[in-house]
Number of protein chains: 2
Amino acid sequence: MSTTAEDLRTIALEEFATAGYAATSLHRIAELAGLSKSSVLYHYESKDALLAAAVQPAITALGTILDELESKPRTRATRNRFIEEFVDFLLDHTPEVNLFINQGPSLVDVPVVDVANAAVVRLAEYFFTTTTTTEDWMRFGVALGGAAYMLASQRTMGFEPTPREETRTVLIGILGELLAPVKTKG
Amino acid sequence: MSTTAEDLRTIALEEFATAGYAATSLHRIAELAGLSKSSVLYHYESKDALLAAAVQPAITALGTILDELESKPRTRATRNRFIEEFVDFLLDHTPEVNLFINQGPSLVDVPVVDVANAAVVRLAEYFFTTTTTTEDWMRFGVALGGAAYMLASQRTMGFEPTPREETRTVLIGILGELLAPVKTKG
DNA sequence: ACAGTTTCTGACCGATCGGTCAGTTATCGT
DNA sequence: ACGATAACTGACCGATCGGTCAGAAACTGT
């Protein structure tokens, strides 16, 4: 069972993430939902509102994860546990993450995107409290953008549909390497 | 010294990469160039043609690098040398790469994008000729998308402008790790 | 059966899109 | 000085955009 509003949210999210927010018309969304454009605007007062509704759950979920993270002791185990939770988050909200990573800079006027940006900053600050070297920042950027791109490629391209459990395990390993590099110097 | 056509190419590339192709109007490009929309269409016969002209040099450059790569013996030294050249390519053509990574899937009808896609496949095939495990593909995706995202973030966000040489060195190291993981098993 | 509410639709609006075209301005070879 | 050509512009076109609105259609409780 699903409501019309939920269907629209799902369809819009998928289109926004793949074709782009600007390139996706309300008519197109209505067409995919089997409705008229007017009906879409009945459930959501504007295109912006539809975007906000589409990404809101992901932002809330990430906020919750970060709340937990910051409340725990700053140990290696906590950090490793977080990486697992973060990978689960990426797998559960791949379209939203992809939308944010790819089109975030061009959606500056949408309030909900600012919240998402703030969450990323929070995330980065946790990993690099004092020792924020250039390499740390670069590793963080590669990990975040790389994971998002790779998952998006898996989704959009044909790319044999890897079982979620395998994707999860491998991605946790890769992010672990990137965010906790073997200290070779110092 | 620079011609009007070159200016338009540069401006369009920057706008397409940051604001998105669909979200960038010819009027906007003309405005940034201090011209009228008609003048833009005088130098480039269509918006598509402008996009093609903007990304063509990067695609040609990548093609050249791949030609060289495939002509050399398949040694570790060749592979390491290639990573250096590839990082230089990323640094020299960051907007183009970012445009392709972020909006490639939504620009399917533009011929030049297909050529770029083919180049990425060529690249992937070089790294994983026979032993294309799922993890290999994922590492390749993370490396490619991660490098592109990180460089784009450096450009668009404030992010203290790291000297090119430092960015280059660190990025070569990161890609080296991702594309030639320490074999822990087997 | 009927009133009330939710859901949905077509017609319409102003704005903006990419693109065309006739004509003006600037540049240049001779 | 002048004709040819390159560069540029404003007016205009059909199409599509996001959004409004009055009303039809469907579903609800009584």
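Note: hydrogens, waters and symmetry copies are ignored here, and every other heavy atom, side chains too, is used. Residue numbers begin at 1 in each chain, while the letters A, B, ... track the order of the sequences. Keep in mind that this is a model prediction, so the values were computed, not measured.
For the pair Arg74(B) and Tyr126(B), the cation sits on the ring face: its NZ or CZ lies under 6.0 Å from the ring centre, inside 45° of the axis. Relative to the ring axis of Tyr42(A), Lys37(A) does not place its NZ or CZ within 45° and under 6.0 Å from the centre.
Atom C1' of nucleotide dT20(C) and atom NZ of Lys47(B) are separated by 18 Å, given to the nearest angstrom. Put simply, OH on Tyr44(A) is 14 Å from C1' on dT7(C), counting in whole angstrom units. Here the C1' atom of nucleotide dA7(D) and the CG atom of Asp7(B) are 14 Å apart, to the nearest Å. Rounded to whole Å, atom P of dA11(C) lies 17 Å from atom CG of Leu41(A). Distance CG (Leu50(A)) to P (dC17(D)): 15 Å, rounded to an integer number of Å.
In terms of phosphate contacts, Ser39(B) brings a side-chain nitrogen or oxygen within less than 4.0 Å of OP1 or OP2 of dT9(D). At the phosphate of dG10(C), neither OP1 nor OP2 sits under 4.0 Å from any side-chain N or O atom of Ser38(A). Contact check, His43(B) against dA6(D): no side-chain N or O comes under 4.0 Å of OP1 or OP2. Here Tyr42(B) reaches the OP1 or OP2 of dA7(D): one of its side-chain N or O atoms lies under 4.0 Å away. Side-chain nitrogen and oxygen atoms of Thr4(B) include none within less than 4.0 Å of the OP1 or OP2 phosphate oxygen of dA7(D).
With no hydrogens or angles considered, a side-chain donor-acceptor pair links Thr133(B) and Asp136(B) at under 3.5 Å.
Of the candidates dT9(C), dG19(C), dT9(D), the closest approach to any side-chain atom of Leu35(A) belongs to dT9(C).
Remark: side-chain polar atoms of Ser106(B) are not paired, donor with acceptor, to backbone N or O of Gly20(A) under 3.5 angstrom.
Using a 4.0 Å cut-off between charged side-chain N and carboxylate O, Asp67(B) and Arg122(B) make a salt bridge. Using a cut-off of 4.0 Å between Lys/Arg side-chain N and Asp/Glu carboxylate O, Arg139(B) and Glu177(A) are scored as salt-bridged.
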May I have the list of side-chain donor-acceptor pairs in residues 80-89 of chain B shorter than 3.5 Å, sequence neighbours left out?
from, atom 1, to, atom 2, distance (Å)
Arg81(B), NH1, Glu84(B), OE1, 3.4
Asp88(B), OD1, Arg168(B), NH1, 2.9
Asp88(B), OD2, Arg168(B), NH1, 2.7

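Within residues 24-31 of chain A, the residues that place at least one heavy atom under 4.0 Å from DNA chain D are, in residue-number order, Thr24(A), Ser25(A), Leu26(A).
You'll find a donor-acceptor pair under 3.5 Å spanning the side chain of Lys37(B) and the base of dG19(C), going by distance alone.
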